[in-house]
Amino acid sequence: MTLPRTRRAKSLRQRLLVQLLALAALLAVLLYLTVRTVAGQAAEATQDGVLGSATTVIAEQLRAGPEAVEIDLPYEAFSVLGSISEDRVFYRIVAEGRTVTGYDDLPLPEGITPGVRPAFYTVAYRDSTVRVAAMTRQLVVAGQVLPVTVLVAQTRQGQDAIAARIANRAAALGVGFFVLALLLSLVAAGSVLRPIERLAEAVARRGPQDLRAVDYPAPSELLPLIGALNGFIARLRAALTRTETFITEAAHHIRTPLATVRTHAEIALRQSEDPEVRKSLRGVIRAVEESSRSASQLLDHAVVVYRSDRLATEPLDFAALVAGVLRSAGPVASLRDVALRFVPPVPGPVVQGDRPLLESAVRNLIDNAIKYSPEESDIDITMTTEAGQATLRIMDRGRGLSGQTGARLVQRFNRGANVGDVIGSGLGLTIVAEVAQAHDGLFSLTDREGGGACATFWLPLA
Amino acid sequence: MRFLLIEDNDDLAASVAARLALDGHGVDRAGTLSEAAECLKDAPYDLILLDISLPDGDGRAFLSAQRRAGQDTPIIVMTARAAVSDRVDVLDLGADDYVTKPFDFAELEARCRAVMRRRGGATQTVRDFAGLTFNPLTATVTIAGESRELRSRELRLLEILIAAPDRVFSKAQLCDRLFSYSEAVTDNAIEVYVGRLRKKLEGSRARIETLRGVGYRMTVDAG
């Protein structure tokens, strides 16, 4: 039997990882954005500082001439600007809307009125973006107060380059952070889930018959699960005990009256000379025999099916096991003067097997051989070891297979066409084949040369 | 043989006792383990037939207690449980053998015989009769110092006849005791075994007489 595949929800590890990593990714992106913004602002502040001081220097050089505003452009102001980058620099001095000197298309500030301190704004100019510092001084020219505005602009390529460099670093930092978080998440998920894995191992390691309560030091979060598991185990144990008791009781209650019937029938038969009565009594005895044999075989078959899933294997001396079964079958064989001939090999081949199951299989084979053997014949039993297999052969001089295939006789409730009056349930060979299969062995039934059947049972050596 | 039958079902115990008595065995019955203990105090038994489920305890506990106490009277367990592992169990606990209910009395007898043979047998089972010595445990007759082995059916036939010399047994009666009921045999099959047994008894004064239409009886040849 294979267990049905458990329906799987998303694994806990996966859930934990996905959540931790989503959080880490969010944090990494925030980190990246923050660093980039702060760095951009810092770069802009630097540029603004230089632009502002250049503007101030220029503004200080403004003089009120007799007719107009006069200026000696201080070129060192521009060289300060040039020192921080390769960016181009523009300037414009405007008095009363008229450009005194400089680039007369450099846009004036909109919405802000520059004062004695520089004001800054960013504007598109000549296919690029420029940062502009603007400052206004009041000069008295020809007796009139005249506001003069000084604009100094610089393209932002240097600043953009710095921003890009910082952004790259920030991205690298974000990725690094994420990778670190990934590793930490894996470790954290592993350590959080380890108690669950250990519990699962502790339960999985148990033997098939082990129905004790799980007593495992577990974190408090797992205690409800363990409690439920133990409750389930207790119910299973109770159910198994009930079933076992029921089967035992049922067998007892059926078999005891059957035994009484059979015994009374034997007594009556011994005391009767009337052929008709004797015939009926024989019929009764046969019927009792048939029903008790069927009951036994059904029970054996159920046990074999039940145990096949959970073999309790141990290393066994296969030859000693066969010898034990033969000893027990000896008296039955002797009733018909059938000799069981077996020379066990010493030392016997050691196989890994479930003792009750193997005994059941061998017993069925021997019982069959005895049942179908003619009176005063021999049953030859041999055991050999070939190619990593212990081979048990049971050869009788019975009626053989009479054209049926061994494979067909192995099927449940299938009996040979030539069984005649021999009592049987049709389950014996099924049990044998199932036991062989459960032990990774093989079973075959063939006609024996010179008459009879040959049953061969292979088991892999331990 | 003297049996102690420990079985709590009265119907079954009565019929088994009656059936064993038909074969000439003495049977004491005990319905509980305490009764059984009483019986064992008073008399020795050749063999104990033990049921597993009894009103005052488990037959297996009784079995191991007997063995622990050094009581080695052969015990054959009559079990209603036929599961493979149960059979292994009782043997491990010290039972000599087991039969599964409902059992065949011929099989039970064969098992008793095998147990006795394994245990070395009691000498009182050897019987001297009309110049032959018959040992049912070793399945031999010894006539004038010469041992002859008997096959199983010859042995059982001789046991039946020698137990009641001069009594006439019909073919049907002999068939009942020699053949399993699950085998279909005609009453005439008995003739073969009578013929063979006669051959094995040659040299002694024991004779198996044929009474035409009636049956057979064992007599001692006066000459």
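Throughout, protein chains are lettered first and strands after them, A, B, ... in sequence-line order, and every chain is numbered starting at 1.
The residue among A139(B), S53(B), A18(B) with the most heavy atom pairs within less than 4.5 Å of chain A is S53(B). Most heavy-atom pairs under 4.5 Å with chain B, from the set P257(A), A259(A), S334(A): that is A259(A). Considering only heavy-atom pairs separated by less than 4.5 Å from chain B, the leading option among L258(A), V332(A), L269(A) is L269(A).
With a 4.5 Å cut-off on non-hydrogen atoms, D23(B) touches chain A through its backbone and its side chain both. For D11(B), the parts lying near chain A are the backbone and the side chain together; criterion is any non-hydrogen pair under 4.5 Å. Of the atoms belonging to A114(B), it is side-chain heavy atoms, and not backbone ones, that fall under 4.5 Å from chain A. Only the backbone of F103(B) comes within contact range of chain A, with heavy atoms under 4.5 Å apart. For chain B, the nearby part of R262(A) is the side chain; its heavy atoms alone come within less than 4.5 Å. Heavy-atom distances place the side chain of R177(B), and not its backbone, under 4.5 Å from chain A.
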> Could you go step by step and tell me if V16(B) and E266(A) meet the side chain to side chain contact (heavy atoms under 4.5 Å, CB included) rule?
Replying inline: CA-CA 10 Å; V16(B) 169; E266(A) 281 202 27; over 6 Å; no

> Checking side chain to side chain contact (heavy atoms under 4.5 Å, CB included) for the pair S152(B)/R336(A): CA distance, chi angles, key distance, verdict?
Replying inline: CA-CA 7 Å; S152(B) 165; R336(A) 306 183 60 237; over 6 Å; no

> What's the verdict on side chain to side chain contact (heavy atoms under 4.5 Å, CB included) for E376(A) and R151(B), showing C-alpha distance, side-chain angles and the deciding distance?
Replying inline: CA-CA 9 Å; E376(A) 298 178 13; R151(B) 286 194 163 260; 3.7 Å; yes

> When you look at E107(B) and L335(A), which way does the side chain to side chain contact (heavy atoms under 4.5 Å, CB included) test go after all the steps?
Replying inline: CA-CA 7 Å; E107(B) 181 187 326; L335(A) 282 175; 4.2 Å; yes

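Note that the CG atom of D10(B) and the OG1 atom of T260(A) stand 10.0 Å from one another [nearest 0.5 Å]. Atom CG in D51(B) sits 6.5 Å away from atom OG1 in T256(A) (nearest 0.5 Å).
Counting heavy-atom neighbours within 6.0 Å of Q271(A) CD, excluding the residue itself, gives a total above 12. More than 12 heavy atoms of other residues, nucleotides or ligands shown are found within 6.0 angstrom of CD on E191(B).
Residue R111(B) comes nearest to S328(A) through the heavy atom pair NH1-O, 2.8 Å, listed as atom of the first residue, atom of the second, then distance. Contact detail for P331(A) and A110(B): the closest heavy-atom pair is O-CB, 3.6 Å. Considering every non-hydrogen atom in both R153(B) and D337(A), the closest pair reads N-OD2, 3.5 Å.
Looking only at side-chain heavy atoms (C-beta outward), F179(B) and E375(A) come within less than 4.5 Å of each other.
A salt bridge does not link R327(A) with D97(B): every distance from a Lys NZ or Arg NE/NH1/NH2 to an Asp or Glu carboxylate oxygen is 4.0 Å or more.
Looking at R19(B), its side chain never comes within 3.5 Å of a backbone N or O of T263(A) through a donor-acceptor pair.
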